[in-house]
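All values reported here derive from a predicted model rather than from experimental measurement.
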Amino acid sequence: MEKPQSPISVSQKTATVDPPEASPKPYKKSFVTTLMEATTLRSSSFKEDTYFVSHLKPSEKKALQEFKDKLAASHGSDDDPTMWGIPLLCGSDKADVILLKFLRARDFRVLDSLHMLEKCLAWRKEFGADSITEEDLGFKELEGVVAYMQGFDRDRHPVCYNAYGVFRDKDMYERIFGDEEKLKKFLRWRVQVLERGISLLHFKPGGVNSLIQITDLKDMPKRELRVASNQILSLFQDNYPEMVARKIFINVPWYFSVLYSMFSPFLTQRTKSKFVISREGNAAETLYKFIRPEDVPIQYGGLSRPSDLQNGPPKPASEFTVKGGEKVNIQIEGIEAGATITWDLAVGGWDLDYSAEFIPNAEDSYTIAVEKPRKMSPSEEAIHNSFTSREAGKMVLSVDNTASRRKKVAAYRYIVRKSPIV
């Protein structure tokens with residue numbers, strides 16, 4: 001049986017270059033480039049816990065039982081503390097998942113883990129964390145912009161996005177962080193976003209028990225957000241242990257790498273293994289490794305638009321790469337007369353030419369330039385367009401990367417709706 005022919009065809013062009021007058025000097029990497037490469041993690045080595053008690057070492061099983069005994073002794077038979085709606089002393093698998101998170105955060109030191117858990121229970125009661133997801137905190141302008149849950153990664157972890165570049169605007173900054181009360185309200189809203197993400201977790205061995213966190217550092221005002229950032233970090237570290245499976249930093253400026261190289265020796269190997277650091281311009285290339293393109297927001301080189309979230313699960317996309325010096329044509333054949341084709345197309349860090357044309361089957365018909373060739377800037381979002389054909393033919397989407405040496409990740413999807421029968 002023959003395999004179906006790929007709709008993607010590739011052509012290469014070789015640019016004619018005049019010979020140099022003298023041999024070029026050997027390429028030497030700058031200090032900043034070296035640092036960036038040293039701190040860029042192409043793939044995370046972190047291995048998430050399965051939370052099966054049977055997978056624990058004997059010493060870890062012993063610590064878990066001791067943890068349960070000490071927690072029961074401190075609360076008595078009539079007081080079964082709960083967290084995320086799960087009773088912690090009921091002996092269930094779900095309770096074990098939570099207890100193991102606190103143990104793991106303190107390297108299975110039972111007394112330290114118990115102290116952390118008791119402080120967290122007290123904080124949740126005082127903060128009202130159990131009911132915070134239902135509150136209207138009035139941050140409509142920040143939803144979907146500053147911190148938001150959107151989609152899942154390839155392993156079905158819920159994904160939380162963080163982007164603080166909007167606070168470059170002084171008026172916006174004053175509205176949100178102008179005084180201590182405003183800051184407290186923002187922190188409450190930020191906890192609300194996290195709690196909504198945690199509500200999507202399974203809390204069961206072998207299930208999805210943690211989130212993916214993506215932080216966009218582009219245009220983030222460092223000095224102004226220092227207080228808020230420190231408080232958020234402290235809150236999350238103290239009260240949400242082992243809730244993040246991977247931390248992905250995108251659009252990372254060069255100075256972040258310098259800072260990372262300085263504080264890296266003070267981080268545990270487990271913490272560092274969760275980090276993925278991606279410099280500016282590589283967001284799509286990095287995110288596609290962990291998240292399918294139809295779940296990546298359009299501002300990061302994906303196909304997911306806010307309006308799509310209201311229409312159920314996203315339509316899967318096809319992924320491909322565009323090598324340097326290549327022109328890729330995507331041919332969508334079998335389009336009938338009167339049919340409407342709708343397509344989405346994205347290339348990470350575009351900086352290449354894009355065009356779309358409809359080629360009729362009839363030899364005496366003319367090719368229609370649906371979208372004339374145009375240069376796509378690096379910041380361009382995904383193409384979303386449609387075309388209704390008057391005659392049968394095929395659509396050809398072209399991305400021309402012949403002027404570049406850089407390989408780029410890309411994705412597309414389409415749907416063809418036939419003309420209704422009258």
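Residues Glu371 and Ile383 form a side-chain contact, since some pair of their non-hydrogen atoms from C-beta on lies under 4.5 Å apart. Counting only heavy atoms from C-beta outward, the side chains of Arg413 and Pro293 never approach each other to under 4.5 Å.
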Report task. Check step by step if side-chain hydrogen bond (donor to acceptor under 3.5 Å, both in side chains) holds for Glu326 and Thr402. Result -> CA-CA 5 Å; Glu326 281 187 349; Thr402 53; over 6 Å; no
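Other residues, nucleotides and ligands contribute only 12 or fewer heavy atoms inside 6.0 Å of the OH atom of Tyr414. The local environment of NZ in Lys68 is crowded, with over 12 non-hydrogen atoms from other residues, nucleotides or ligands closer than 6.0 Å. Within 6.0 Å of atom NZ in Lys418, 12 or fewer heavy atoms from other residues, nucleotides or ligands are found, so the atom counts as exposed in its surroundings. Crowding of Lys62 atom NZ: a count of heavy atoms from other residues, nucleotides or ligands under 6.0 Å not exceeding 12. Other residues, nucleotides and ligands contribute at most 12 non-hydrogen atoms within 6.0 Å of the CZ atom of Arg390. Within 6.0 Å of the NE2 atom in His55, the count of heavy atoms belonging to other residues, nucleotides or ligands exceeds 12.
For an aromatic pair to be called close, the ring centres must be under 6.0 Å apart, and Tyr412 with Trp343 fails this. Annotation: Tyr148 is in aromatic contact with Tyr161 [ring centroid separation under 6.0 Å].
Electrostatic pairing of Arg374 and Asp353 does not count as a salt bridge here, judged by no charged N lying under 4.0 Å from a carboxylate O. Using a 4.0 Å cut-off between charged side-chain N and carboxylate O, Arg154 and Glu319 make a salt bridge. A salt bridge is defined here as a Lys NZ or Arg NE, NH1 or NH2 lying under 4.0 Å from an Asp or Glu carboxylate O, and Arg109 with Asp107 meets this definition. Classification of Lys204 and Asp93 as a salt-bridged pair fails, no side-chain N sitting under 4.0 Å from a carboxylate O. With respect to the salt-bridge test (charged N to carboxylate O, under 4.0 angstrom), the residues Arg188 and Glu135 qualify. A salt bridge links Lys274 and Glu242; the closest N-O separation between the charged side-chain nitrogens and carboxylate oxygens is under 4.0 Å.
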Enumerate, atom names and distances included, each donor-acceptor pair closer than 3.5 Å involving a side-chain atom of residues 174-185, sequence neighbours excluded.
unit_1: Arg175; atom_1: NH2; unit_2: Glu141; atom_2: OE1; d: 3.0
unit_1: Asp179; atom_1: OD1; unit_2: Glu181; atom_2: N; d: 3.1
unit_1: Asp179; atom_1: OD1; unit_2: Lys182; atom_2: N; d: 2.8
unit_1: Lys182; atom_1: NZ; unit_2: Glu174; atom_2: O; d: 3.3
unit_1: Lys185; atom_1: NZ; unit_2: Leu137; atom_2: O; d: 3.3

List, one per line, each side-chain donor-acceptor pair under 3.5 Å for residues 116-123, sequence neighbours excluded.
unit_1: Glu118; atom_1: OE1; unit_2: His75; atom_2: NE2; d: 3.2
unit_1: Glu118; atom_1: OE2; unit_2: Ser74; atom_2: OG; d: 3.0
unit_1: Glu118; atom_1: OE2; unit_2: His75; atom_2: NE2; d: 3.1

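We find the CD-CD1 distance between Glu333 and Ile359 to be 9.0 Å, quoted to the nearest 0.5 Å.
A donor-acceptor pair under 3.5 Å is formed between the side chain of Asn401 and the backbone N or O of Arg406. For the pair Tyr288 (side chain) and Gly301 (backbone), a donor-acceptor distance under 3.5 Å is present. With hydrogens and angles disregarded, a donor-acceptor distance shorter than 3.5 Å links the side chain of Lys408 to the backbone of Asp351. Panel note: side chain Asp295, backbone Ile291; no donor-acceptor pair is recorded below 3.5 Å. Judged by distance alone, with hydrogens and angles left aside, the side-chain atoms of Glu357 form no donor-acceptor pair with the main-chain N or O of Ile368 at under 3.5 Å. Although no hydrogens or angles enter the test, the distance criterion places no donor-acceptor pair under 3.5 Å between the side chain of Ser234 and the main chain of Gln231.
For the pair Arg168 and Tyr173, the NZ or CZ position fails the cation-pi test of under 6.0 Å to the six-membered ring centre and within 45 degrees of the ring normal. Cation-pi contact between Arg124 and Phe127: absent, since separation from the ring centre below 6.0 Å together with deviation from the ring axis within 45° is not met.
Between the side chains of Lys247 and Gln213, no donor N or O sits under 3.5 Å from an acceptor N or O. Looking at Arg190 and Asn162, their side chains do bring a donor and an acceptor atom within 3.5 Å of each other. Judged purely by distance below 3.5 Å, without hydrogens or angles, the side chains of Tyr354 and Asp400 never pair a donor atom with an acceptor atom. In summary, the side chains of Ser278 and Glu285 do not present any donor paired with an acceptor at a separation below 3.5 Å, with no hydrogens or angles considered. Side-chain N/O atoms of Ser304 and Gln150 include a donor and acceptor closer than 3.5 Å.
For the side-chain contact (heavy atoms from CB on, under 4.5 Å) with Phe290, the qualifying choice from Asp155, Val159, Ile212, Val276 is Val276, the only one to do so.
When all heavy atoms of Ala317 and Glu294 are compared, the closest pair comes out as N-OE1, 3.2 Å.
Between Trp84 and Tyr240, the ring planes lie tilted relative to each other; the angle falls in the 30° to 60° range.
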